[in-house]
Amino acid sequence: MDERRLRKQDTAGVVVALEGAHDVDVAAALNAIPPEAAARVLGALPFDLAVRALNQPALDRRARLFEHLPLDRAAALVGAMAGHHRGAL
């Protein structure tokens with residue numbers, strides 16, 4: 001199986017596992033993986049869950065995640081984030 005397809009499957013599996021998790025646990029999971037992979041997961045999460053994870057104080061590397069997101073998704077997420085987290089970007 002090629003690496004790109006494997007990454008898509010891994011991302012989908014992580015998203016399914018996180019959909020029922022608490023927001024702080026989603027943030028912890030994003031912290032535990034490299035920023036590029038975390039951005040893929042963040043981009044695939046349901047929008048409201050992604051926003052709640054971004055608003056978690058425990059989320060590290062918030063700005064680094066945005067470097068790897070598609071521009072339209074990044075803009076929508078920034079617009080929905082709490083103002084004090086937006087200012088840190």
Next item on the list: Mind listing the closest non-hydrogen atom pair of Thr11 and Ala44 along with its distance?
Entry: CG2-CB, 4.0 Å
Checklist line | For the student: nearest non-hydrogen atoms of Ala39 and Leu69, plus distance | finding: O-CD2, 3.3 Å
Note to self: Which residues pass the side-chain contact (heavy atoms from CB on, under 4.5 Å) test with Ala17, not counting sequence neighbours?
What the structure shows: none
Next item on the list: Name all residues meeting the salt bridge (Lys or Arg N to Asp or Glu O under 4.0 Å) criterion together with Glu19; count only those two or more places apart in sequence or in a different chain, and write none if there are none.
Entry: none
Notebook entry, point to check: How far apart are the closest heavy atoms of Leu30 and Ala53, and which atoms are they?
Noted result: CD1-CB, 4.3 Å
Checklist line | Minimal non-hydrogen separation, Pro35 against Leu65, with atom names | finding: O-CD2, 3.6 Å
Item checked: Test salt bridge (Lys or Arg N to Asp or Glu O under 4.0 Å) applied to Arg61 - qualifying residues, sequence neighbours left out -> none
Next item on the list: Mind checking side chain to side chain donor-acceptor pair (under 3.5 Å) for Asp23 and listing every partner two or more places apart, or none if nothing turns up?
Entry: Arg52
Margin query: So, using side-chain contact (heavy atoms from CB on, under 4.5 Å) as the criterion, who are the partners of Asp25 when residues are at least two apart?
Written below: Ala21, His22
Using a 3.5 Å cut-off and no angle test, enumerate the donor-acceptor pairs between side-chain atoms of residues 70-83 and protein atoms at least two apart in sequence or in another chain.
unit_1: Arg73; atom_1: NH2; unit_2: Leu42; atom_2: O; d: 3.2
unit_1: Arg73; atom_1: NH2; unit_2: Leu45; atom_2: O; d: 2.7

Note to self: Any side-chain to backbone donor/acceptor pair from Asp60 onto Asn31? Under 3.5 Å, distance only.
What the structure shows: no
Next item on the list: Determine whether Val24 and Val51 fall in the same hydrophobic cluster, where Ile, Leu, Val, Met, Phe, Trp and Tyr are linked whenever their side-chain heavy atoms lie under 4.5 Å apart.
Entry: no
Next item on the list: Kindly say whether Gln56 contributes a backbone atom to a donor-acceptor pair with the side chain of Arg62 at under 3.5 angstrom?
Entry: yes
